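The structure presented is a predicted model; accordingly, all values stated were derived computationally and were not measured.
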Amino acid sequence: MGSRASTLLRDEEIEEIKKETGFSHSQITRLYSRFTSLDKGENGTLSREDFQRIPELAINPLGDRIINAFFPEGEDQVNFRGFMRTLAHFRPIEDNEKSKDQNGPEPLNSRSNKLHFAFRLYDLDKDDKISRDELLQVLRMMVGVNISDEQLGSIADRTIQEADQDGDSAISFAEFVKAFQYL
């Protein structure tokens, strides 16, 4: 199957994906193999259903949110390039990569892009703010019934109180970043 992946993926495509995502040649061909094994329709794209068949995502409380992150607004299919762009957010930043190309675009796995990615997991209505209700929904997804609604409400209220600097009872991206500045 590894040879199938490298024959279907042209060298120039691999080089472009390497440059854009920071993945190595072998990582790209391995991920292409995984992508094609998930592509049950054999049409070069993955659907939400293809992702839902991944056991680790099926049992992850945030699985649906992670799956949604792979699909641009209004799209119900993702091609290999889009798949790789999303996966790049999960790559660690290595010291030798931080200074690679000062003139090029910011790497997909930069701290800023990782924070944008995480923020979008919480911003369910895509209004560029995390409301108390959105925070509660995500907390419920993560903890299920292990914590009472009252306790979750208290956690959400305290989180917003600590992060909200402009007094709008929500967390903007700038406030989200500031809350993570020491992590």
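For the atom pair S172 OG and D127 CG, the distance stands at 11.0 Å (nearest 0.5 Å). Note that CG of D50 and CG of N43 are 8.0 Å apart. Values are rounded to the nearest 0.5 Å. One finds the CZ atom of F71 at 9.0 Å from the OG1 atom of T86 (value rounded to the nearest 0.5 Å). To the nearest 0.5 Å, atoms CG (L135) and CG (D123) are separated by 11.5 Å. Note that CD of E16 is 7.0 Å distant from CD of E13, once rounded to the nearest 0.5 Å. The line from CZ of R85 to OG1 of T21 is 9.5 Å long, rounded to the nearest 0.5 Å.
Checked for salt-bridge contact, E49 and K40 miss the test: no charged N lies under 4.0 Å from a carboxylate O. Between K129 and E134 there is no salt bridge, since none of the side-chain N atoms of the basic residue sits less than 4.0 Å from a carboxylate O of the acidic one. Look at R48 and D76 and you find no salt bridge, because none of the NZ, NE, NH1 or NH2 atoms lies under 4.0 Å from a carboxylate O. Under a 4.0 Å N-O distance rule, the pair E15/K18 qualifies as a salt bridge.
Side-chain atoms of L38 and I54, non-hydrogen and from C-beta on, do get closer than 4.5 Å to each other. Annotation: side chain of Q27 is in contact with side chain of R30 (closest heavy-atom distance under 4.5 Å). Within the 4.5 Å cutoff, the side chain of F173 has heavy atoms near those of the L115 side chain. In this structure the side chain of T36 never reaches within 4.5 angstrom of the side chain of E42, judged on heavy atoms. Between M84 and F35 there is no side-chain heavy-atom pair separated by less than 4.5 Å. Side-chain contact between Q52 and L57 is absent, with no heavy atoms from C-beta onward closer than 4.5 Å.
Heavy-atom minimum distance, Y122 versus I130: CB-CD1, 3.4 Å. Closest approach of L139 to L152, counting heavy atoms only: CB-CD2, 3.8 Å. Scanning all heavy atoms of the two residues, the minimum distance from P61 to M142 falls at CB-CA, 3.8 Å. Across D164 and S169, no two heavy atoms sit closer than the pair OD2-N, 2.8 Å. The minimum heavy-atom distance between M141 and R65, with the atom names listed, is SD-CG, 3.8 Å. A pairwise comparison of heavy atoms in N113 and H89 identifies O-CD2, 3.6 Å as the closest pair.
V138 is connected to F180 through a chain of hydrophobic side-chain contacts under 4.5 Å among Ile, Leu, Val, Met, Phe, Trp and Tyr, so both are in one cluster. The hydrophobic clustering, which links ILVMFWY residues whose side-chain heavy atoms are closer than 4.5 Å, places F176 and L62 together. Both I28 and V78 are members of a single hydrophobic cluster when ILVMFWY side chains are connected at heavy-atom separations under 4.5 Å.
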Run the side chain to side chain contact (heavy atoms under 4.5 Å, CB included) check on L124 and D133 step by step: do they pass?
CA-CA 10 Å; L124 303 176; D133 287 342; over 6 Å; no

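With respect to F70, the ring-ring contact (aromatic ring centres under 6.0 Å, His included) criterion is satisfied by exactly one of F117, F90, F51: F51. Exactly one residue among L46, I17, D39 makes a side chain to side chain contact (heavy atoms under 4.5 Å, CB included) with F83. That residue is L46.
At distances below 3.5 Å, not a single donor-acceptor pair connects side-chain atoms of K126 with backbone N or O atoms of R120. Counting only distance, with no hydrogens or angles, the side chain of N109 and the backbone of P92 share a donor-acceptor pair below 3.5 Å. Side-chain N or O atoms of E175 include one that pairs as donor or acceptor with a backbone N or O of D166 at under 3.5 Å.
Counted by atom type alone, S148 and E150 present zero donor-acceptor pairs between their side chains at under 3.5 Å.
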